[in-house]
Amino acid sequence: MLGLAVFGIVWAWNATNGVDDVAMDENGWIALGLGSFFSLVIGCGLMALMFFSSRQGYDEAADPFRNKEQK
């Protein structure tokens with residue numbers, strides 16, 4: 001998992017530094033960092049809500065393919 005994270009960071013660094021025609025100032029980097037961070041937070045939060053909703057049984061009525069006798 002750590003190797004995949006390092007690979008992603010190295011790839012992103014090379015991808016952003018490989019473009020010489022476009023310059024991004026510090027405000028752009030701040031916006032990119034904040035946007036990435038909040039996208040990750042929202043994505044993780046929604047996945048957690050889906051997990052807990054499934055565990056508590058709140059979505060059973062919305063699933064017409066689930067057999068009700070399996071409980």
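Because the structure is predicted, anything quoted here is derived from the model rather than measured. When reading the values below, keep in mind they use all heavy atoms of this one structure, side chains included, and skip hydrogens, waters and symmetry mates.
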Roughly how far, to the nearest 0.5 Å, is CG of Leu4 from CD1 of Ile9?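 Output value for this atom pair is 10.0 Å.
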Could you give the distance from CZ (Phe37) to CD1 (Ile42), rounded to the nearest 0.5 Å?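 Reported to 0.5 Å precision, the distance equals 10.5 Å.
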Testing the basics here: between Gly35 and Ser39, what is the closest heavy-atom pair and its distance to 0.1 Å? O-OG, 2.8 Å
Single-linkage hydrophobic cluster, 4.5 Å side-chain cutoff, Leu32 and Trp13 together: no
